[in-house]
Amino acid sequence: MILAAGIVYFFLGVPPDLPAECVPRVEEIASRADEATSGGDAEATERWLGALEDRAPTLLSPSEHLFLAGRADARGEIDRAAAEYRLAAAEAGPVGARIRDLEAREDAARIPSPAAAVTGTEARLAFAEGRHALAAGRLDEAAARLRRALRLSPGYVEAALALGAVEIRRGRRRSAEEAYAAAADADPDNVEALVSLADLLWDEPDADAKRESLRLLDRAAGLRPDLRELRRRSAQRWAAAGDRARALERLSAFRIGASPKELAETQALEESLRGGAASSAPTAPTAPTAAGAPSPALEKWKLARVYVGRGDPASLSAARQLLREAEELDPRFSPAPELEAAIAAAAGDRPASERALRRAIEAEPGRAPLREALARFLEEDPGRAAEAEKAWREAESTGSPEAAYRLALAAGRRGERARAIEGYRRYLALAPSGAHAAEASGEVAKDETRGRRSRGAVVGLFAVLAIGVVAGAIRRRGGSTLAEWTRTPENARQARPIVARLRHEAFKHGALFLSDAAGRVADPEFARLARERLEGPGGLVAAIEGAASELTVFARRSGSRLNLPGRDPIFAPLLASCRRLRGIRSDLERIEEGRGGVRHFRRCAAALSRAAFVLRPEAGREVAAIVDRALTTSARPSALVAQFETLAAERRRPLSVRVEGEHAETGFPVLVPSGDWETIWRNLFENVLDAAGGSETRAGIAAAPVRDPVTGRLSARFLLADDAPGEISDAMIHGRPSDRGLGIVAALVRRHGGTIEIASPPGPPRYRKALALEFPVAERA
Amino acid sequence: MTGVGAAPTILVIEDGAEYCDAFRRLAGGRARIVRAGSARAARAIFAGETVAGVFVDVVFDRALPEDLSGDLASLTSRCGGDAERAAKSRVEDQGFFILEDLKELLAGSVPVMLGYDFTHEPERLEELRGTFPRLIGAPDPPTASKLLHALLAEVG
């Protein structure tokens with residue numbers, strides 16, 4: 001280890017006696033390794049990579065472990081990645097914690113949008129473990145861990161993608177679709193998500209899914225024009241969908257710059273699309289040999305392209321030789337003009353290079369990369385700036401985003417602001433996620449702001465004031481509170497798990513900690529702990545804001561608007577507390593660093609104790625009670641008997657029904673909305689009457705409180721027994737829900753957290769069969 | 001091993017380290033705080049030293065499935081065959097399953113605090129006390145110092 005560290009220091013030029021913080025971070029070593037790789041220096045690459053691998057683990061900070069984990073992950077070294085994630089997650093002492101905090105702050109500063117959630121260490125760990133389980137073939141475990149990663153960090157695209165892959169292997173197409181859709185939602189420009197989702201949807205039988213599949217695939221192809229395979233796939237699918245025009249369009253795009261092999265592969269498709277006619281004048285060699293047979297000419301041609309890419313004189317000379325040999329073997333492999341141009345340029349023969357480029361453009365006038373290459377070539381000569389700009393304009397007319405960007409830059413340099421902005425807009429339209437997208441968006445946004453400013457400061461001031469007043473009023477008055485929204489049982493059902501989680505988090509991270517923190521905030525160690533508990537990915541603020549956001553999303557999906565920050569009597573103070581807690585971040589940092597003063601202590605103590613008050617357990621209980629109220633039905637066995645008798649009377653069926661045992665008048669507060677409660681029992685009663693036919697039926701209903709032997713939790717168990725002919729089977733209970741019958745009853749019961757099973761009838765021979773239904777009951781008010 | 005006159009050992013069973021951290025900072029010399037992430041780990045601690053009191057967290061959503069207590073098959077059967085619900089219930093009520101798992105160790109004279117608010121379910125607490133006579137719920141409000149204070153008061 002010492003030797004390894006010595007080697008590292010030697011290569012880094014850092015003497016071993018320097019303190020650890022002077023040692024370059026692994027990122028720097030990795031960056032040098034990457035530089036060496038791109039410079040083609042294999043020896044240096046190996047040396048730097050060795051230094052990276054050998055660096056003593058004890059010297060690494062959590063962030064460096066994370067960096068190494070990400071690197072290993074990208075290279076498919078799952079074990080290594082998982083180990084590094086674990087090391088990153090482990091406590092690394094006060095120095096490690098400090099570094100982690102600093103990084104969290106940097107991340108927070110870098111990422112302005114809350115939608116781009118910082119992926120926490122815990123989520124990354126869950127993700128790495130999920131990938132590890134996937135690699136080991138433990139699919140169920142992989143799915144569970146990846147879901148956990150997504151739960152911890154809902155916008156975690158990589159986790160969603162991996163989950164999609166796992167679900168496909170588990171044969172769960174619908175779940176895979178959901179996972180890929182989640183990835184695409186989180187990152188609408190993620191090509192992998194778009195393509196995977198498109199592939200799954202393409203296999204769906206309905207036409208809408210296929211249309212959506214084609215749309216997604218085209219979007220992916222538009223985002224990554226360099227992945228030409230996407231264009232080919234798109235062409236094939238449009239052809240399968242019967243749209244010849246679109247298929248041909250995509251195919252033409254694919255064939256630009258295609259290798260002879262690729263051209264050969266798509267020849268049949270093109271001919272079939274063109275109605276059997278031969279393709280028009282291919283610009284590159286077509287299939288030199290029969291399909292499947294190796295072609296020495298093709299191999300030489302491909303190898304030549306690789307050598308041209310390297311650019312050094314020896315490689316160029318080899319490329320020339322290879323091209324000559326390829327042409328000799330098969331005349332169709334005459335050197336492509338762009339290869340000639342590249343060879344000439346690399347050899348310093350500018351006139352030959354220009355001639356070759358212009359010849360290539362002449363052969364393929366619509367090919368943007370050739371025009372871009374010519375424009376760049378002309379740019380290198382200061383005396384030909386006008387020609388270069390003209391070349392860029394021509395390149396832009398072929399749909400080159402790079403050209404749009406260059407022209408915008410040039411216009412900006414000349415002070416032609418409007419033209420520059422127009423160029424940036426064009427660039428964004430052509431490449432919304434391109435390399436210069438951020439810069440272009442920034443320029444456009446700046447221009448819009450400037451435009452707004454120039455429209456008159458006075459009008460703006462009045463407008464801002466008016467908007468502020470109106471927005472404030474809307475914020476306070478518009479939308480529903482949680483209590484209003486959860487009056488609908490379906491909404492309450494969706495809100496319940498979110499609220500339960502919030503209650504737990506508030507209990508564990510909030511009320512548990514805040515009161516103590518408020519009292520001991522002058523202690524630097526406690527200030528550090530406070531920041532961790534409040535701000536971390538699994539911290540209190542994330543729990544509250546996450547719950548509010550989840551509820552708002554559910555509400556939006558159901559077509560309503562929740563106004564939790566503005567109106568809700570419980571959530572408004574909770575979210576206000578979150579804001580206040582965020583506000584004391586810098587004070588806590590000062591205290592943590594030993595630079596805190598009385599005013600910092602006071603501010604922190606006030607915010608923390610106020611939050612502690614707001615987050616008292618009652619807040620959690622109140623939220624839970626609101627939700628429970630909407631779900632609760634007071635269920636009395638005697639009322640069920642009456643309901644059964646009424647139904648029998650309506651259907652003119654003879655029935656003798658009674659309450660068995662105690663609790664005839666006990667009202668069990670079951671957590672099932674009244675509508676669903678009635679549906680469950682009406683279906684059960686109708687089944688009994690149908691089975692009895694016209695003959696007289698005896699039935700009995702019993703109810704009793706039941707305690708879970710482990711948790712002590714109370715539930716209510718109902719028994720329906722009858723003497724009607726027929727049997728009940730497990731298949732009837734666990735089968736697919738139909739409009740009527742046990743299937744729908746079982747689905748409704750499970751939906752509300754209950755269970756249904758076949759039971760022994762009480763007191764045979766009076767009854768022949770029985771069903772037992774168990775429901776959770778609300779906590780005592 | 002805790003000797004005569006030494007600070008009592010409080011065992012904290014939780015999936016994270018929140019309670020443990022807070023208790024260690026607050027306890028000073030009054031108690032020695034040890035942590036276990038599962039019933040199995042807790043059992044190993046019990047085998048090695050005298051535990052004066054136990055604090056058990058309830059929700060274990062960060063623990064590995066293999067570390068969780070509770071037989072999933074029987075729980076699934078109790079949930080009417082709904083395996084997903086059974087797994088969720090095992091995670092969310094894990095504290096109760098740990099109590100059940102460690103019944104032979106905790107059912108005697110060891111004071112046990114469960115990180116659960118029983119304020120509105122006194123009958124439930126009474127029911128559990130039938131098995132764990134010295135079981136207490138979390139005080140209201142459940143601040144770290146109140147939790148520790150209540151547990152140390154039970155330890156005596």
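Since we're looking at a predicted model, the values are computed, not measured.
Of the atoms belonging to Glu126(B), not a single heavy atom falls under 4.5 Å from chain A. Only the backbone of Ala17(B) comes within contact range of chain A, with at least one heavy atom under 4.5 Å from a heavy atom of that chain.
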Check the pair Glu127(B) / Leu714(A) against side-chain contact (heavy atoms from CB on, under 4.5 Å), numbers first and verdict last.
CA-CA 10 Å; Glu127(B) 182 76 18; Leu714(A) 194 64; over 6 Å; no
Give the intermediate values and the outcome of side-chain contact (heavy atoms from CB on, under 4.5 Å) for residues Leu64(B) and Arg145(A).
CA-CA 9 Å; Leu64(B) 298 176; Arg145(A) 293 195 194 285; 2.5 Å; yes
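Within a 6.0 Å radius of CD in Glu84(B), no more than 12 heavy atoms belonging to other residues, nucleotides or ligands are found.
Using a distance-only test at 3.5 Å, with no hydrogens or angles considered, a donor-acceptor pair links the side chain of Arg148(A) to the main chain of Asp61(B).
From Ser77(B), atom OG reaches atom CD of Glu757(A) across 7.0 Å, with rounding to the nearest 0.5 Å. Residue Asp708(A) holds its CG atom at 9.5 Å from CG of Leu128(B), rounded to the nearest 0.5 Å. Annotation: the span from Glu774(A) atom CD to Arg78(B) atom CZ amounts to 9.0 Å, rounded to 0.5 Å.
Between Arg124(B) and Thr711(A) the shortest heavy-atom distance is NE-O, 2.9 Å.
For the set Asp93(B), Asp82(B), Leu125(B), Thr131(B), the entry with the most heavy-atom pairs within less than 4.5 Å of chain A is Asp93(B).
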